Amino acid sequence: MLVLASLAAPLRGQTPSERTVVRQWRDSLSRSTDTTALLAIEAAQVDSARADRDNPMRHLRLGFLSLRLTDLTTGASHANDAAGEFQWATELKPEWPYAWYGLGKAELISSDRISDALKGFLLSLGHDAYRTPARHFSRSAEVDSMFTEGLLDVGNEALRQGIPAHLAVALEALRDVGAAPIARNPDILLLRGRVEREAGDVDSAVAEFGALTDEGSTRGLGLLELARTELAAGRISGVQPWYAGLASADSATLRMYRFDLSLVLSDSMLHLFDASKPAARASLMRTFWDSRDPDAVNAGAERLREHYRRLDYSHRHFGMVSGRYDSLRVFDPTDSRFDDRGRIYVRHGEPDDRATLSMIGLPPNESWVYRRPSGDLLFHFAKPDSAQGWRMYESLLDIAGLGAAAQHTGQGNVRARLEGGGVMETYGAAWTAQAARELLYSRENLSPTYGQMLSAGASGAHASQVAERSEGRKSIRVGLQTDSWKMRYELPLTATVDVLAVGSVGSTPELQVVFAIPGTSLYAPPSTGRVVYPVRTRVAVKNAAGELIVAVDTTRNFVAPRQIPEGEDLLGRLPISVPPGDYTVRVSVETPGRGVIAAPHQVHVAALSTPSVTLSDLALGSRSVPLPWATGAADTAWINPLRTFRISEPVELFFEVGGVARGGGYHAEYRVFRSGHKDAVLDLGFEGIATEVPNRVHRELDIGRLGTGNYVLEVTVMAPSGGSAVRRRAFTVTK
């Protein structure tokens with residue numbers, strides 16, 4: 001029943017309780033679908049308004065009634081009526097927020113009904129059809145800092161519909177409130193962040209969500225939204241807030257986490273997730289993401305980032321209904337919001353190959369294949385009608401049975417007909433047989449099964465069709481019960497990578513990540529001048545407990561005077577500050593279209609400021625391999641990532657000694673062993689005095705008498721107190 005009696009008297013001012021009455025009026029209108037009854041009420045209200053023209057409440061009442069009639073009928077008259085009534089209300093009571101909000105709603109509808117041609121013409125004259133409603137929405141908040149309903153309504157509706165023009169209106173309205181108190185309202189911060197994100201402004205969205213993390217009650221939600229935004233945008237920096245939010249999530253935020261994870265976790269893992277305490281829950285998820293691909297550079301973080309990229313892509317491209325649905329703003333745990341393609345994409349990502357067939361009478365269709373050493377996964381999708389969206393089918397031939405011609409001839413029950421014989425005999429109708437053949441031809445590049453089906457003939461058709469359906473069933477079972485992710489490159493990259501715990505900035509030790517890429521593995525467009533080689537280096541440093549300590553992802557443009565030829569290398573160095581400890585370091589080096597993930601390096605970073613004598617790694621280099629760096633003592637050290645040295649050139653040795661006070665003495669010994677032998681072929685020593693802490697040592701080693709082959713350099717440092725430290729480094733001597 002419509003709420004009429006309660007609004008009979010004019011309102012003296014829009015107090016919170018009176019605004020509640022307005023909401024009740026709107027709610028009662030929204031429940032009514034009887035246009036005849038609504039038109040009768042409108043006629044009665046118009047008569048009353050004529051007798052009471054200066055009552056702003058009557059104009060509000062008529063305005064919202066006209067908006068409801070606009071929803072239920074076609075034509076622009078009711079929208080225009082609504083705009084007129086709300087305009088009148090704003091003139092009578094400019095301090096009433098509902099008047100401005102209603103005016104914005106009415107003019108937004110009117111703007112939608114302007115033709116694109118007219119919108120373009122108006123825009124050329126400097127008039128944006130959507131600017132006015134946006135200003136009215138923001139005005140509703142400006143006149144009453146407690147009134148958030150207008151901005152929340154227009155913003156959430158724009159997100160739900162995904163209409164770009166409405167998103168622009170919502171964004172402009174939210175930005176227009178500027179520094180007004182309402183702009184710091186948590187609900188407004190959350191909404192603006194989501195609208196900014198949907199509009200593509202990641203940095204602005206991050207700023208809004210960051211402000212949410214400052215509030216105790218909204219910290220968990222703000223961290224999750226911040227993480228979702230950064231991860232979907234490809235930023236690894238979203239990993240830390242994701243885990244921090246998981247550890248501090250309230251029940252509502254935890255349901256959002258669970259929804260995101262339910263798309264990839266097994267039922268048993270979800271049960272463990274539900275049963276875990278906050279700290280254990282975060283640990284559980286770290287273990288899960290790390291296990292997705294332990295050979296990756298930064299497996300857990302990279303896989304988590306990939307999960308949110310897939311979610312975002314699936315909701316934008318595989319939505320179940322019209323409009324754009326974004327996993328970062330839709331959190332219905334009972335509805336995934338995307339079709340069967342999205343279900344597979346979230347679990348397995350971009351397929352290795354796709355195929356489709358456009359043919360009159362066939363529904364839209366496509367097949368995906370994921371190449372796997374253990375057996376390919378093959379999926380078939382079709383869109384039988386707009387209501388069902390894209391569905392997954394066991395057999396490619398099922399799609400032929402969905403065609404309009406097959407349904408018209410009664411040949412649509414494909415499954416019942418697949419067991420009988422050859423394609424022609426199976427389908428009976430000539431059109432269906434042709435569609436089946438064309439589908440098989442279109443998928444030959446995905447699997448040899450389809451070539452076999454085409455050539456099997458009537459005698460072998462039954463077996464080939466049964467095998468193809470069995471393959472489809474297995475793919476669906478595996479596809480929906482597992483997930484996969486593998487860092488892939490178009491082509492492999494030949495590169496040598498080394499990691500040394502040597503060097504320091506002040507008292508903080510460093511890792512030196514160095515690499516050499518041969519000219520034969522580099523590509524540069526033909527040029528007579530300088531050549532630019534972009535190289536991306538990613539590094540993940542984990543401690544002995546498997547926790548990520550440092551993650552680096554950087555791209556550097558190396559400029560060479562000419563193309564690097566065969567026999568020469570592109571050399572690079574990346575210093576990373578870390579505290580003392582034992583670490584596993586994973587490194588990937590990538591050039592456009594090529595990449596390599598190096599084997600993990602186990603490194604020990606010595607504490608060089610402790611009382612006990614310690615020793616850094618040994619840096620071996622040569623001046624003919626130009627990869628130097630300036631040490632803290634303004635000296636120059638050299639590193640050769642290849643660890644290969646010409647017999648005619650001395651080796652530049654650099655290391656650091658810790659645990660010896662300034663002015664204190666120590667004894668150092670160098671021994672060189674041929675690989676696999678116990679007797680030293682070179683044995684040297686010297687007495688040193690520490691001039692700094694740590695003490696940096698630079699020496700030249702003459703390897704001219706070693707001969708070609710593989711060797712190990714061992715350096716031992718002994719303090720007068722009797723303590724000692726030893727480091728070793730393998731190298732090769734060539735002619």
Side-chain angles (χ1 to χ4, degrees), residues 234-237 239 289-290 292-306 485-505 508-518 521-522 533-558 569-605 616-621 625 627-629 637-644 729-731:
R235 299 179 180 180
I236 205 72
S237 54
V239 172
W289 292 119
D290 282 345
R292 297 302 89 189
D293 186 3
D295 294 329
V297 175
N298 186 7
E302 295 278 1
R303 181 63 182 92
L304 180 59
R305 175 172 64 177
E306 171 68 5
W485 175 67
K486 197 75 174 178
M487 294 182 63
R488 293 178 289 183
Y489 306 104
E490 294 179 29
L491 295 170
L493 179 71
T494 301
T496 301
V497 177
D498 204 359
V499 181
L500 297 89
V502 61
S504 56
V505 176
T508 304
E510 284 186 325
L511 295 176
Q512 305 296 332
V513 178
V514 293
F515 60 83
I517 307 173
S521 198
L522 293 167
Y533 294 101
V535 178
R536 180 185 183 189
T537 308
R538 291 189 288 169
V539 183
V541 182
K542 292 187 177 183
N543 62 16
E547 298 172 327
L548 183 66
I549 303 301
V550 179
V552 178
D553 187 342
T554 183
T555 299
R556 176 182 170 188
N557 289 322
F558 290 83
D569 299 276
L570 175 65
L571 305 172
R573 180 182 69 91
L574 178 64
I576 301 175
S577 297
V578 294
D582 293 308
Y583 300 104
T584 299
V585 184
R586 300 302 304 262
V587 182
S588 75
V589 180
E590 304 166 25
T591 61
R594 295 173 177 264
V596 64
I597 300 175
H601 287 76
Q602 307 296 327
V603 296
H604 171 70
V605 179
S616 73
D617 267 338
L618 311 176
L620 302 179
V625 180
L627 192 58
W629 92 91
W638 305 75
I639 299 181
N640 180 353
L642 301 170
R643 300 197 204 180
T644 299
R729 178 68 53 178
F731 66 98

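Only heavy atoms go into these numbers, but all of them, side chains included; no hydrogens, no water, no symmetry mates. The structure presented is a predicted model; accordingly, all values stated were derived computationally and were not measured.
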inquiry  = Please check: side-chain N/O of Glu590 versus main-chain N/O of Arg536, any donor-acceptor pairing under 3.5 Å?
reply    = no
query = Less than 4.5 Å apart, any side-chain heavy atom of Arg573 and any of Val514?
reply = yes
ask   = Hey, is Arg303 close enough to Glu306 for a salt bridge, meaning N to O under 4.0 Å?
value = no
key: Any donor-acceptor N/O pair, Asp290 side chain to Gly300 backbone, under 3.5 Å   = yes
ask   = With a 3.5 Å cut-off and no angle check, do the side chains of Glu510 and Ser504 form a donor-acceptor pair?
value = no
Nearest non-hydrogen partners of Ala501 and Ser616, listed with the distance = O-CB, 3.5 Å
task = Locate the shortest heavy-atom distance separating Ser577 from Val550; write the atom from each residue and the value.
result = O-CG2, 4.1 Å
key: Minimum heavy-atom distance Asp582-His604, with the two atoms named   = OD1-ND1, 2.7 Å
Residue among Asp569, Val589, Val497 satisfying side chain to side chain contact (heavy atoms under 4.5 Å, CB included) with Ile517 = Val589
ask   = Is Arg305 reaching over with its side chain to a backbone N or O of Gly234, donor-acceptor style, under 3.5 angstrom?
value = yes
query = So, for Val502 and Trp629, which heavy atoms are closest and what is the spacing to 0.1 Å?
reply = CG1-CH2, 4.2 Å
task = Mind listing the closest non-hydrogen atom pair of Arg586 and Ala599 along with its distance?
result = NE-C, 4.4 Å
ask   = Can you tell if the side chain of Asp498 reaches within under 4.5 Å of the side chain of His601, non-hydrogen atoms only?
value = yes
task = Provide the closest heavy-atom pair for Ala619 versus Leu500 in the form atom of the first, atom of the second, distance.
result = CA-CD2, 3.8 Å
ask   = Is there side-chain contact between Val585 and Val539, with heavy atoms separated by less than 4.5 Å?
value = yes
